[in-house]
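The next block holds one structure in the form of structure tokens; read it before the comments.
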Number of protein chains: 2
Amino acid sequence: MDKDKIDYYRRLGLKITPQRLAILEYLEGNTSHPTAEDIYRHVSEKFPSMSFATVYNTLEALKEKGLITELNIEGGRKRFDPNPQPHHHFVCTKCGKIIDICKSLDLKIQNFDQMGLIIEKFQIFFYGRCSKCK
Amino acid sequence: MDKDKIDYYRRLGLKITPQRLAILEYLEGNTSHPTAEDIYRHVSEKFPSMSFATVYNTLEALKEKGLITELNIEGGRKRFDPNPQPHHHFVCTKCGKIIDICKSLDLKIQNFDQMGLIIEKFQIFFYGRCSKCK
DNA sequence: GTGTTTGCAAAGAATTTGCAACGAA
DNA sequence: TTCGTTGCAAATTCTTTGCAAACAC
């Protein structure tokens with residue numbers, strides 16, 4: 001990872017340790033929506049002494065900075081999504097694959113103020129069959 | 001609960017035990033999106049000997065019959081929603097309250113077939129502030 | 001009677017915590 | 001030097017399982 005990017009993370013208030021760097025590198029451009037375990041397995045190849053606590057720690061820090069999103073999808077475990085642009089998700093009900101749906105979807109979100117609600121963001125989960133499973 | 005309703009559940013293939021009845025009664029019309037623990041706490045007042053296994057058992061059976069939906073919302077624990085009509089959810093990012101959004105939302109879900117995806121259903125989570133927290 | 005459900009206790013998965021040692025800035 | 005991070009192990013939290021007894025139908 002280049003210095004500019006590291007400086008960017010630092011300016012956000014993240015201390016950059018080698019472990020964190022490895023996690024950031026693994027997440028960068030990753031569209032597989034990994035679980036904490038996926039991240040642990042991958043990064044601990046490079047840092048065999050690394051613990052889960054560090055993974056969760058780092059993920060929590062990244063979440064606070066808005067660099068990743070936590071996805072809670074049926075199946076229990078949390079998944080982490082480093083895609084910074086607003087998007088939605090398709091979940092294959094057979095194989096479990098999660099696909100980013102990046103197209104912007106027009107949604108009439110008027111009338112929420114009448115209900116006294118202020119919407120900050122919304123997230124859509126589509127469920128169905130992916131091209132391999134249909 | 002009246003006999004007709006019980007018969008309805010029986011015809012779905014559910015054996016109706018007193019514990020299950022109590023769970024069904026608790027869920028009927030319930031819009032609080034309870035966790036398994038909420039259900040356990042409430043029903044165990046009537047059946048102090050009841051175990052969590054029975055709660056999870058029953059919820060699993062109801063889920064299979066399509067009578068309830070499982071919601072996975074940030075925070076880790078599963079929530080259960082007995083509202084049978086298609087709807088979406090608003091989650092208050094401050095107090096955690098979950099509100100049903102029952103209005104039908106037009107969503108252009110064309111083009112998914114071009115991506116090779118077959119959509120069975122979709123679910124929208126809105127995040128923001130509720131009337132008390134804004 | 002038959003097969004399912006219950007309750008218990010124990011196991012299991014996923015995540016979080018306490019704390020001493022370490023290391024980035 | 002300072003304060004946040006790491007690694008370890010243990011603790012928590014939430015959910016599931018195995019099995020004998022009880023129960024619905």
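Throughout, a chain's letter reflects where its sequence line sits, starting with A, and its residues are numbered from 1.
Around atom NZ of A:Lys63, more than 12 heavy atoms belonging to other residues, nucleotides or ligands sit under 6.0 Å away.
When rounded to the nearest whole Å, the span between CG of B:Asn72 and P of D:dT13 equals 20 Å. With rounding to whole Å, B:Phe47 atom CZ is found 14 Å from C:dG7 atom C1'. Atom CG in A:Leu62 sits about 15 Å away from atom C1' in D:dG4, given to the nearest Å. Counting to the nearest Å, the C1' atom of C:dA24 and the CG atom of A:Asp7 are 14 Å from each other. Distance CE (A:Met50) to C1' (D:dT5): 13 Å, rounded to an integer number of Å. Between the NZ atom of A:Lys63 and the P atom of C:dT15 there is a distance of 10 Å, rounded to whole Å. When rounded to the nearest whole Å, the span between OH of A:Tyr40 and P of D:dT6 equals 14 Å. For B:Phe52 and D:dT16, the CZ to C1' distance is 13 Å, given to the nearest whole Å.
Between D:dC25 and B:Arg10, a contact under 4.0 Å exists linking OP1 or OP2 to a side-chain N or O. Considering only side-chain N and O atoms, B:Lys15 lies nowhere under 4.0 angstrom from the phosphate OP1 or OP2 of D:dA22. Put simply, A:Tyr56 has a side-chain N or O that comes within less than 4.0 Å of OP1 or OP2 on C:dT15. Contact check, B:Arg20 against C:dT5: a side-chain N or O comes under 4.0 Å of OP1 or OP2. In this structure, A:Gln19 reaches the D:dG7 phosphate: one of its side-chain N or O atoms is under 4.0 Å from OP1 or OP2. Between B:Thr17 and C:dT6, a side-chain N or O to OP1/OP2 separation shorter than 4.0 Å is present. Considering only side-chain N and O atoms, A:Ser49 lies under 4.0 angstrom from the phosphate OP1 or OP2 of D:dG7. Taking 4.0 angstrom as the limit, A:Thr54 places a side-chain polar atom (N or O) nearer than this to OP1 or OP2 of D:dG7.
Residue whose closest nucleotide on DNA chain D sits further toward the 5' end, between B:Ile16 and B:Glu60: B:Glu60. With DNA chain C read from its 5' end, the first of the two nearest nucleotides for B:Ala53 and B:Leu14 is the one closest to B:Leu14.
Residue contacts for A:Pro18: at a heavy-atom cut-off of 4.0 Å it reaches the sugar-phosphate backbone alone, with no base atom in range.
Using cut-offs of 30° and 60° for the angle between ring planes, the A:Phe126 and B:Phe122 rings count as tilted.
Defined by atom type and a distance below 3.5 Å, a donor-acceptor pair is missing between the side-chain atoms of B:His33 and B:Asn83. Inspection of the B:Thr35 and B:Asp38 side chains reveals an N or O donor paired with an N or O acceptor under 3.5 Å.
Considering every non-hydrogen atom in both B:Cys92 and B:Cys130, the closest pair reads SG-N, 3.4 Å.
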